[in-house]
Amino acid sequence: DTIPRFGTETPHEAKLAELMDNIDAWGLNIFDVHNYSQSHSLTSVMYTIFKKRNLIETFRISPQKLINYLVTLESHYLDVPYHCSIHAADVTQAIHVLLLIPSFENTFTDLEILAALFAAAIHDVDHPGVTNQYLINSDNELALMYNDTSVLENHSLAVAFKLLQNEDCDFIENLSDEQRKILRQISIDMVLATDMSKHGAIMQTIQSFHQSLKAKQCKDSNSNSSTNDSLVLTEQKERVQLLREMLHCADLSNPTKHLSIYTQWVDRIMDEFHYQGDRERSAGMPISPMCNRRTADIEMAQIGFIQAIVEPLWQMWAQLVYPHCQQMLDNIDSNRQWYEYQISNRSSRNNT
Ligand SMILES: COc1ccc(/C=N/OCC(=O)N2C[C@@H](C)O[C@@H](C)C2)cc1OC1CCCC1
Ligand SMILES: [Zn+2]
């Protein structure tokens, strides 16, 4: 039986095709993709990217096994407001676009690109919609299993690789042992780096690391080589460092999107955090920061999130790939201004 164009059957294939024409664009509306793919945004986005990047030929992937894996992976994302399969599809498409930046034209091997897309697709699988801290505080068996260390990130990796052991889902069967080892190594490194508790460490190293890359890049441009724009990294270790940052950027990319998309993610994360707060309140536990729906200041929290975490990270990233990624910085700025306006508007409303 032939395989559907986007990996899954849908009565809206024409509409999905129209959306998928924007698979390389930062403005793709992932919520529309989810609706028109019969809630298979992760499968259809991953399958479309794999086809477009010729990864199915390059790694002699069985399309059916790829789809079997993707549909199974997708079904292991839980129906939670934020950390669901749409978030995985969103982050996967984001890292695909970041990998298209001309600065990286000659940077990564096909195997590294395969690993990066795989890591993005799996990075939050089976996420229960609560934070690591909540799992630790509530003596959850996952915290026991992973000794309170990057609990959710370790769990998603274990679930994702367990699913690969299923014979008819093993889409990487034709990779050599060495390639499989490298794919696993890079995926583990990247997914563990999505633990927000590692954010500070990433920000510490990013400055000096990018300066050293820019220095090398300038040397190339002096030689007037055609690759003067692209960053050439000789060490796999350095390329993985860059991929780690890239996934972290993609994971924290909501404020870099158009307002109409960004506000949907804000509603979802606040639903998730407030539901966690409800559970903490009824369990008599201290309510985590930003998780108390009774005292929440959603606009202030987003302004703080942008100023403290998202903008500094994306500024570092945009500097490395200048002039690319200016659109992301512009969206962050206009989105922050919109939230500041909501707050100013709020106080004047109260005065009337
Ligand atoms: C659109 O907004 C967001 C998108 C994504 C995330 C990601 N959170 O995942 C990590 C996590 O779970 N944390 C991180 C840390 C900041 O806080 C810890 C209690 C837990 C947070 C967002 O907004 C938060 C931050 C400000 C208001 C709610
Ligand atoms: Zn995530």
Side-chain angles (χ1 to χ4, degrees), residues 30-31 42 73 77-78 80-95 116 119-138 150-157 159-160 187 190-200 202-203 244 246-277 279-280 285-293 295-314 328 331-332 335-336 338-339 342-343:
I30 199 69
F31 298 107
L42 181 57
L73 177 72
Y77 273 88
L78 302 181
V80 291
Y82 185 91
H83 289 100
C84 59
S85 62
I86 315 172
H87 169 65
D90 178 46
V91 171
T92 302
Q93 194 260 338
I95 207 164
I122 71 169
H123 87 279
D124 277 329
V125 68
D126 203 37
H127 192 297
V130 290
T131 61
N132 281 329
Q133 200 51 54
Y134 178 85
L135 295 173
I136 293 165
N137 295 348
S138 55
S150 298
V151 176
L152 288 164
E153 295 73 21
N154 274 300
H155 177 59
S156 292
L157 279 160
V159 167
S187 308
M190 289 178 70
V191 172
L192 289 182
T194 63
D195 178 352
M196 276 301 284
S197 72
K198 299 283 185 301
H199 174 75
I202 287 182
M203 290 307 283
R244 198 182 301 149
M246 204 186 279
L247 181 55
H248 188 49
C249 285
D251 203 21
L252 296 176
S253 63
N254 297 156
T256 72
K257 299 288 176 69
H258 187 273
L259 185 69
S260 56
I261 299 281
Y262 174 33
T263 49
Q264 292 184 65
W265 290 119
V266 175
D267 293 345
R268 286 169 173 265
I269 194 73
M270 293 322 297
D271 274 354
E272 207 168 284
F273 278 12
H274 290 167
Y275 182 63
Q276 173 176 317
R279 290 163 72 174
E280 290 168 331
M285 295 162 70
I287 300 179
S288 302
M290 296 169 289
C291 294
N292 189 343
R293 69 173 74 251
T295 61
D297 185 334
I298 293 169
E299 294 84 0
M300 282 304 285
Q302 283 304 313
I303 292 168
F305 182 49
I306 286 171
Q307 287 180 326
I309 295 180
V310 179
E311 190 155 41
L313 174 66
W314 276 95
M328 290 78 160
N331 286 346
I332 290 175
N335 288 333
R336 183 174 40 73
W338 184 80
Y339 272 114
Q342 298 312 303
I343 292 176

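Along the sequence shown, the residues carry numbers beginning at 1. All ligand and atom numbering here is 1-based and tracks the order in the structure.
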Identified side chain to side chain donor-acceptor pair (under 3.5 Å) partner of S150 from the options N132, D195, T194: D195
Flag if over 12 foreign heavy atoms under 6.0 Å of CE, M285: yes
I261 CD1 to D90 CG distance, which is reported to the nearest 0.5 Å: 8.0 Å
The single option from R268, H127, H123 passing side chain to side chain donor-acceptor pair (under 3.5 Å) against H87: H123
For N254, atoms of ligand 1 separated by under 4.0 Å from a heavy atom: 1 (C), 4 (C)
Shortest-distance N, O or S atom of D251 relative to the Zn ion (ligand 2): OD1
H123 near the Zn ion (ligand 2) via N/O/S, less than 2.8 Å: yes
Polar atom proximity, Y82 to ligand 1 (N or O, under 3.5 Å): no
Taking atom 23 (O) of ligand 1 as the reference point, the nearest protein heavy atom with its distance: Q302 NE2, 3.3 Å
Closest approach of any protein heavy atom to atom 3 (C) of ligand 1, naming residue and atom: F305 CE2, 3.4 Å
Y262/Y339 aromatic ring centres below 6.0 Å: yes
Numbered atoms and elements of ligand 1 in range of T131, under 4.0 angstrom, heavy atoms: 12 (O), 20 (C)
Shortest reach to atom 27 (C) of ligand 1 by a heavy atom, considering only M290, K257, H199: M290
Check: Q342 main-chain N/O paired with E299 side-chain donor or acceptor under 3.5 Å: no
Which N, O or S atom of D124 lies nearest to the Zn ion (ligand 2), by name: OD2
Option set Q264, H83, M196, Q133, criterion heavy-atom distance to atom 16 (C) of ligand 1, minimum: M196
D124 (side chain) donor-acceptor with A88 (main chain) under 3.5 angstrom: no
Considering only N, O or S atoms of H87, the one closest to the Zn ion (ligand 2): NE2
Pair T131, Q276: side-chain N/O donor-acceptor within cut-off below 3.5 Å: yes
Element-labelled atoms of ligand 1 that are located less than 4.0 Å from some non-hydrogen atom of F273: 12 (O), 20 (C), 24 (C), 28 (C)
